[in-house]
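In what follows, chains carry the letters A, B, and so on, assigned in the order in which the sequence lines appear, proteins first and then strands, with residues in each chain numbered from 1. What you are looking at is a predicted structure, and each value in this text was computed from that prediction instead of being measured.
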Protein chains: 2
Amino acid sequence: MSVQLKDIAKHLNISISTVSRVINGTGRVNKDTRELILKTIKELGYHPNEVARSLKRKSANTIGVIVPDLSNSFYASVIKGVEKIASENEHSVIVCNSDEDIQKEEEYVQLLLQKQVTGLVIATVGGNPQLFEQYKRSGIPFVFIDNLPNTQENFDVVTIDNVKAGYDLAKHLVDQGHKKLAIITGPQNQSTAAERLLGFQKCLEDNGITVHEKWIGVGQFRRESGYQIMNEWLQQDELPTAIFAANDFLLYGAIKAIQERGLNVPNDIAAVCFDANDETGLVKPQITSIIQPAHMIGSIAGDIIMRKEKNKNLKMFEKIVLEPKLIINESSQTGR
Amino acid sequence: MSVQLKDIAKHLNISISTVSRVINGTGRVNKDTRELILKTIKELGYHPNEVARSLKRKSANTIGVIVPDLSNSFYASVIKGVEKIASENEHSVIVCNSDEDIQKEEEYVQLLLQKQVTGLVIATVGGNPQLFEQYKRSGIPFVFIDNLPNTQENFDVVTIDNVKAGYDLAKHLVDQGHKKLAIITGPQNQSTAAERLLGFQKCLEDNGITVHEKWIGVGQFRRESGYQIMNEWLQQDELPTAIFAANDFLLYGAIKAIQERGLNVPNDIAAVCFDANDETGLVKPQITSIIQPAHMIGSIAGDIIMRKEKNKNLKMFEKIVLEPKLIINESSQTGR
DNA sequence: GTGAAAGCGCTAACAC
DNA sequence: GTGTTAGCGCTTTCAC
């Protein structure tokens, strides 16, 4: 039962629309009545019902964000980036955690669409391309970050060149003299996982190094996967001299396995990965890593949505490819 | 223009209300027409407009969450906990990041209220008590986590006993023989910061140890604060033998300062803190820390809101105090 | 078992 | 400069 437009109108014996006008700053209103209205708004503590506004406006002035893992600092930064743009434009952000579950992801997309979001920023975990094409017809802008949809359709995209970054990261290991390289990557229906693998393979081929099937590990983007895959390798006779992980959690798991075996990183096995953002500053060994401009990815994605909202008939799709940084650290510098 | 109720009604030459009935499963509808309706809903790809529903329902079926820092894994876990309960109850979650800024926090509270959220989970950074009392009259449940509002009013609260936890953590250092203890805590208008300090002081007093004013550092809950405060101490003649930090970021910053000085943790200076959740498993030294049941805090907070939604006239406030765990690790075990 | 109609709180023509 | 009114898309009485 909060106070609403009609209450303050009644209170002043004027019409509801005049009040609406001063609230929205639209149309001309007599200066004195404006003052009076503003005053009683304060007094009565009126706040507009955003749901009613959204219904009228046909937009909730909200950006929806779907990420696979809220605990991952990369996504946390992306979200902060989106939020910055959103709040600058008086929009809010609904954050959803798909938990790397395609089903959950689809449900959230549906829900956000039903909530009439202005736009959607999504790091898909391999959702059905046909579904995305169908959503596209809703006219609500989808901006893909991180993982791209497996489709020929045009979509807005903000990402890095994962093939190239994978190549560069592998090249760094090759330059250190490594010939026995293993890779731990994520689900192959996630483009990041597939492309980073591709870059890795390409680099090895270009440098005349064999890519061993047995040293291509595929798991979820989680510590447990990295741990488990590494453990299997550690039980074999021949060990790789360097590990390339497609994200940080995979590598943390792998390193745990390596260390439990009494081996040292990097002296026994070197290690590199994507997205090792050390929030603590105390991770040992410090990880050589590809660092994506996460905050910028989020803010650009937010910008695209804002731009499309302002210019509805803008039928254009942007593919923004950002430059990541290769940070070289202990974990790839063999002491020998 | 997406398909809506009237489209599928028109398509079948029946009334809008019948369609609404089958969608909501309310009232009796002829079995055949029901089937038919369900079928065309599929065909035409109808999805209800949640905003319209929310307006009618006067609730957005959404839980709002405001946290000071999305990058903090403690809050990330809390959010996951809230989200779990929300999705079990077909609600969604709006996440807002106040960035430890009271102004931003207030704006977000206002916004969420306007968005007609079902309830609000908030880790306040010291918002105005009168404001909270005013919000309370809105009838929308506020559940406080982590930091409590500085007011006598009753509110729902899910937290730990920070005084006791602070006491226990300090006691651990005392038991290790430390007599020269320093504390780095957060803004004193955040109850966690104040209460952890209180517990620390109480413990020292109980054990006949002087609490030195000069070794009480107050900053933001950030790495930079910890770094800066520790650096100042390091420039003095006398050094503490142990550092107690009110959260993990503060301690990471302090340790950085200590290590840059060429000193060792824990051999030169022992260190403990709250909330050191090591997501990587590679933080060295491993931190002795009070670990809160973050996921549970979130899910209980969500539960309270769901309960209050179901039972509107439930005029009762719950104060849930959970037990944290004290995890003893390297950082407090002096080698001598 | 079904339909007509009111209304959720707001905005924006359109009249005056 | 101000008021009247028609919706936004849905749910829900109330008739029939």
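Dashed line: the shortest gap from a side-chain N or O of B:S20 to OP1 or OP2 of D:dT11 is under 4.0 Å. The side chain of A:N49 places no N or O atom within less than 4.0 Å of a non-bridging phosphate oxygen (OP1 or OP2) of C:dC10. Taking side-chain N and O atoms only, A:N24 has a distance below 4.0 Å to OP1 or OP2 of C:dT11. Checking the phosphate oxygens (OP1, OP2) of C:dG3, a side-chain nitrogen or oxygen of B:S15 falls inside 4.0 Å.
If you take CD1 of B:I23 and P of D:dT12, they are 12 Å apart, rounded to a whole angstrom. Across the protein-nucleic acid pair, B:R34 atom CZ and C:dT2 atom C1' stand 13 Å apart, rounded to whole Å. A straight line from CG of B:L5 to P of C:dA5 spans 17 Å, rounded to a whole angstrom. Between B:L55 atom CG and C:dA6 atom C1' there is a gap of 13 Å when expressed in whole angstrom units. A:Q4 places its CD atom 9 Å from the C1' atom of C:dC8, with the value rounded to the nearest Å.
For C:dG9, the base has no donor-acceptor partner in the side chain of A:K6 [N/O atoms by modelled type, under 3.5 angstrom]. Side-chain to base pairing of B:R21 with C:dG3: one donor and one acceptor N or O lie within less than 3.5 Å of each other.
Ring geometry, A:Y135 versus A:F142: the interplanar angle falls under 30°, so the pair is classed parallel (tilted spans 30 to 60°).
In the set C:dT11, D:dC10, D:dG3, C:dT11 carries the atom at the smallest distance from any side-chain atom of A:R53. Across C:dT11, C:dG9, C:dG7, the shortest atom-to-atom separation from the side chain of B:K56 is found for C:dG7. Here the nucleotide nearest the side chain of A:R28, chosen from D:dG9, D:dG1, D:dC8, is D:dG1. Among C:dG9, D:dT2, C:dC10, the nucleotide with an atom closest to any side-chain atom of B:K58 is C:dG9.
Of the inter-residue distances, the one linking B:E83 atom CD with B:K80 atom NZ reads 9.0 Å to the nearest 0.5 angstrom.
For the pair B:K308 (side chain) and B:M316 (backbone), a donor-acceptor distance under 3.5 Å is present. No donor-acceptor distance shorter than 3.5 angstrom exists from the side chain of B:N24 to the backbone of B:T26, with no hydrogens or angles considered.
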Could you walk me through whether A:V93 and A:T62 pass the side chain to side chain contact (heavy atoms under 4.5 Å, CB included) check?
CA-CA 5 Å; A:V93 175; A:T62 296; 6.0 Å; no
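With the nearest nucleotide of DNA chain D identified for both A:I16 and A:G27, A:G27 has the one nearer the 5' end. Take the nearest nucleotide of DNA chain C for B:T33 and for B:A52: the residue whose nucleotide is more 5' is B:T33.
Nucleic acid contact for B:S17: base, since at least one base atom lies under 4.0 Å from a heavy atom of the residue. Within 4.0 Å (heavy atoms only), A:R57 reaches no atom of the nucleic acid at all.
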